[in-house]
Amino acid sequence: MDRIIIPFPGNEKLAAGIAGILHIVQGEFSTRSFPDGESYIRLLSDIKGKEVIIICSLYHPDEKILPLYFLSKLLKDSGALRVKLVSPYLGYMRQDKQFNPGEAITSEYFASFVSQFADELITIDPHLHRRISMDEIYSIPCKVLHASGLISQWIKENVKDPVLVGPDSESKQWVSEVAREANAPYIVLEKIRHGDRDVEVSAPGMERYKTHTPVLIDDIISTARTMIQAAKLLADAGMKAPVCIGVHAVFAGDAYEELKKAGAAKIVTCNTIPHISNGIDTKWIITRAI
Ligand code: R5P
């Protein structure tokens, strides 16, 4: 089957990298908002009889999901055989239970919507915490890729005597994996979240690693409160300034600046969301999965 790759705005660089490795032609569409806020979509490439690979990282998902739906419908109406959605960052994965009575479990609703218009989904380190598999909420085939190998490689090449630090129990899954691959020790902090921007962390057994460089690793850096509290705790314990690594650079508001101010020696993220901190290229693992 012939293939063509179409980037959503903001994903052009990653798409060009993938298209270059795979020698796949890049297609185009244009999109804009009408004065009333509705979306306009126009396909500019011939996709008839092809599999279309859309690259669309779903950060700020509310502003992207409807244009993405329109584009997918248009592709099918124009003769595309399959729509493969590559969302290096997949939004709406964290509201995966009712934390308070009456709340919507939006991860389920979002998954059911995407499953209606994409034939397949490829994503990187989705926030699977209380769920084990994407199949619990997505009814289309999903390939879950992991950035742990790329992160451990980056640590091996860039950090001397690292001790990997997971800021909360949820991070243990990838911190332990990265530590194994980087051949480095790791510790996991204990976190209590009191509110969106109110996070408390504690660190049992950290004193052993005073001469090491702490490398904080998390899947998502959003408000950065989790990393900031962890960095403060490390500073209070007399540890060196940490290198902060996030898979997904969500960085809400001034979170990036705040994290820098909190004493991060360096902040590095994967390019699943375009950001100035991107230092780890995921095009290789995406290309393999495609
Ligand atoms: C928690 O569920 C995640 O693994 C991250 O720790 C969390 O999303 C980070 O959020 P924030 O940057 O807002 O503290």
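Both counts, for ligands and for their atoms, begin at 1 and track the order of listing.
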Pair E108, F110 - check side chain to side chain contact (heavy atoms under 4.5 Å, CB included), show working. CA-CA 5 Å; E108 285 179 14; F110 193 78; over 6 Å; no
Relative to the heavy atoms of D219, which atoms of ligand 1 are at a distance of less than 4.0 Å? 3 (C), 4 (O), 5 (C)
For the residue pair Y256 and H275, categorise the inter-ring angle as parallel (less than 30°), tilted (30 to 60°) or perpendicular (more than 60°). perpendicular
List ligand 1 atoms under 4.0 Å from I221, heavy atoms only on the residue side. 12 (O)
For the atom pair OG (S171) and CG (D218), what is the distance rounded to the nearest 0.5 Å? 5.5 Å
Which pairs with one or both residues in residues 75-95 pass salt bridge (charged side-chain N to carboxylate O under 4.0 Å, His left out), sequence neighbours excluded? E51-R82, E51-K84, K76-D119, R82-E120, K84-E120
R94, portion touching ligand 1 at heavy-atom distance under 4.0 Å: side chain
Under 3.5 Å: N/O of T223 near N/O of ligand 1: yes
Proximity of H127 to ligand 1 by residue part, where a heavy atom lies under 4.0 Å: side chain
D168 neighbourhood, listing ligand 1 atoms whose heavy-atom distance to it stays under 4.0 Å: 6 (O)
Assess the side chains of E157 and Q153: does a donor N or O sit below 3.5 Å from an acceptor N or O? yes
With heavy-atom distances below 4.5 Å as the criterion, would you say the side chains of F251 and I273 are in contact? no
Any N or O on A224 sitting closer than 3.5 Å to an N or O of ligand 1? yes
